[in-house]
*Asks:* 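Take a look at this one; I'll ask things after.
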Number of protein chains: 2
Amino acid sequence: MDTVDGALQALRSKGLKITPQRIAILKVLQGNTSHPSAEEIYKKVTRKHPNISFTTIYNTLDVLKKTGQIRELIIDKTRKHFDPDLSPHNHLICDTCHTIFDIFEDFSDAITIPQSVSDVFHVTGHEIVFYGICKECLQKTGN
Amino acid sequence: MDTVDGALQALRSKGLKITPQRIAILKVLQGNTSHPSAEEIYKKVTRKHPNISFTTIYNTLDVLKKTGQIRELIIDKTRKHFDPDLSPHNHLICDTCHTIFDIFEDFSDAITIPQSVSDVFHVTGHEIVFYGICKECLQKTGN
DNA sequence: CTGTGTGCAAAACGTTTGCATGCCT
DNA sequence: AGGCATGCAAACGTTTTGCACACAG
């Protein structure tokens, strides 16, 4: 997604409804580069919207995913993460603190599927995940 | 891991114990290219070892992971999968049936971390996951 | 004999569901 | 008015934990 307004229009155009809860969730997501989990979104939304439920968070994330406005990341063993940045990019995840970072380098030139594979599998996309340790954790651990 | 015997020796050399349950689990894993989940391993082991518990499955998988004999795949939203093949390779996952396939093409030439990234993150490995639909599901869905 | 491994049951965890009510359009 | 959205509580599936007992070394 780009802007809250754009996202709202996308919802409206599909007959979906604009609610204060959805607006609040979209505000948290807009420009968010922290790859939040449902719980992180819940916590932030709760600050200004104390009565919101997890059901609504999950429902809205599902709607946004299905309308192609956010991406679900399968990177973390323990929970799902969401990324409002739809531009093609990849991720680094710290083995220690589990923070997810963006990497905008383009590797797509080399990622070509050989004929032998495309014969038996229709590839629609790919995701590269880098594992390692972030600077902060390196310093804490006494490199 | 390569062979059951090799894996057992690796355990022994670390003061860990060889039990019938561990042997049974290793037999299921040896040469297994189906990227089984804990439950799939449990089901297979149960055939010859009806009293084994899930605790032992998880415990053994954890031990094998920590001794570097199997790899845990973070690919599937709903459960963990394990891969005894430690050779560098990547995976395809079918969006429909969630089967995981291997792809042995080497993309590493192009996957170079730029200085700007390695300054703030120490990369130890990476994994490329391809998404799409496998041949079987394509045919069922009426392509 | 020591301590690691096992199996059971219960708990924990993130996520999903059923349902009555609420509210956007 | 109609139907989608909300919030609650309960259910779900996977994984983890506490504990007493068993057994490999």
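Keep in mind that this is a model prediction, so the values were computed, not measured. Within every chain, numbering begins at 1; the chains are lettered A, B, ... in the order of the sequence lines, protein sequences first and strands thereafter.
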*Asks:* May I ask you to check whether B:Asp5 and B:Thr3 show a side-chain donor-acceptor distance below 3.5 Å?
*Replies:*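 Absent: no donor and acceptor within the cut-off.
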*Asks:* D:dG13, OP1 or OP2 - any side-chain N/O from B:Lys80 closer than 4.0 Å?
*Replies:*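 It does not, given that no N or O in the side chain of B:Lys80 lies less than 4.0 Å from OP1 or OP2 of D:dG13.
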*Asks:* Can you measure A:Arg79 atom CZ to C:dA12 atom C1' for me and round it to whole angstrom units?
*Replies:*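 Between C1' of C:dA12 and CZ of A:Arg79: 13 Å.
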*Asks:* Starting at CZ of A:Phe82 and ending at C1' of C:dG14, how long is that distance when rounded to a whole Å?
*Replies:*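 Nearest whole value for this atom pair: 11 Å.
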*Asks:* Please report the end-to-end axis angle for the helix from C:dC1-D:dG25 to C:dT25-D:dA1, five pairs per end, rounded to 10 degrees.
*Replies:* 40°
*Asks:* Check residues 56-64 of chain B and write down every donor-acceptor pair under 3.5 Å in which the side-chain atom is one partner and the other belongs to a residue at least two apart or another chain.
*Replies:*
from, atom 1, to, atom 2, distance (Å)
B:Thr56, OG1, B:Ser53, OG, 3.3
B:Thr60, OG1, B:Thr56, O, 2.9
B:Asp62, OD2, B:Lys66, NZ, 3.1

*Asks:* Any salt bridge (Lys or Arg N to Asp or Glu O under 4.0 Å) pairs touching residues 110-128 of chain B, not counting sequence neighbours?
*Replies:*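 Listed once each, the pairs are B:Arg71-B:Glu127.
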*Asks:* In terms of side-chain heavy atoms, does B:Glu39 have a donor or acceptor partner in B:Ser37 at a distance below 3.5 Å?
*Replies:* no
*Asks:* Heavy atoms under 4.0 Å, any strand shown: does B:Thr78 hit a base, just sugar-phosphate, or nothing?
*Replies:*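 Result for B:Thr78 = sugar-phosphate.
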*Asks:* Report all side-chain donor-acceptor pairs from residues 97-104 of chain B shorter than 3.5 Å, counting only partners two or more places apart or in another chain.
*Replies:*
from, atom 1, to, atom 2, distance (Å)
B:Asp102, OD1, B:His35, NE2, 2.8
B:Asp102, OD1, B:His89, NE2, 3.1
B:Asp102, OD1, B:His91, NE2, 3.2

*Asks:* Separation of B:Asp62 atom CG from C:dT6 atom P, in whole Å?
*Replies:*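 The answer, rounded to whole Å, is 12 Å.
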*Asks:* Distance check needed: C:dT15 C1' versus A:His81 NE2, whole Å only.
*Replies:* 14 Å
*Asks:* Roughly how many Å is it from CD in A:Gln9 to P in C:dT25, rounded to a whole number?
*Replies:* 13 Å
*Asks:* Please give me the minimum heavy-atom distance between A:Ile128 and A:Asn90, naming the atom from each residue.
*Replies:* N-OD1, 3.1 Å
*Asks:* How does each nucleotide of nucleotides 4-12 of chain D score, in 5' to 3' order, for protein heavy atoms under 4.0 Å: base (B), sugar-phosphate only (S), or none (-)?
*Replies:* SSSBBB---
*Asks:* Write down the atom of A:Pro84, the atom of A:Ile70, and the distance for their closest heavy-atom approach.
*Replies:*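 Looking at all heavy atoms of both residues, the shortest contact is CA-CG2, 4.0 Å.
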*Asks:* Roughly, in whole Å, what's the span from CG in B:Asp76 to C1' in D:dT15?
*Replies:* 14 Å
*Asks:* For B:Tyr58 and D:dT16, is the shortest distance between a side-chain N/O and OP1 or OP2 below 4.0 Å?
*Replies:* no
*Asks:* For B:Ile113, does its backbone N or O pair with a side-chain atom of B:Ser118 as donor and acceptor, under 3.5 Å?
*Replies:* no
*Asks:* Would you be so kind as to tabulate the donor-acceptor pairs closer than 3.5 Å made by side chains of residues 10-22 of chain B, with sequence neighbours excluded?
*Replies:*
from, atom 1, to, atom 2, distance (Å)
B:Ser13, OG, B:Ala10, O, 2.8
B:Thr19, OG1, B:Arg22, N, 3.2
B:Arg22, NH1, B:Lys17, O, 3.1

*Asks:* Return the value, rounded to whole Å, for the distance between atom CG of B:Leu8 and atom P of D:dA24.
*Replies:*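 Value for this atom pair: 14 Å.
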*Asks:* Quickly work out the A:Glu40 CD to C:dG14 C1' distance and round it to whole Å.
*Replies:*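 For the pair A:Glu40 CD and C:dG14 C1', the rounded distance is 13 Å.
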*Asks:* If you find the nucleotide of DNA chain D closest to B:Arg12 and the one closest to B:Glu39, which residue's nucleotide is nearer the 5' end?
*Replies:*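 Per heavy-atom nearest nucleotide, the more 5' residue is B:Glu39.
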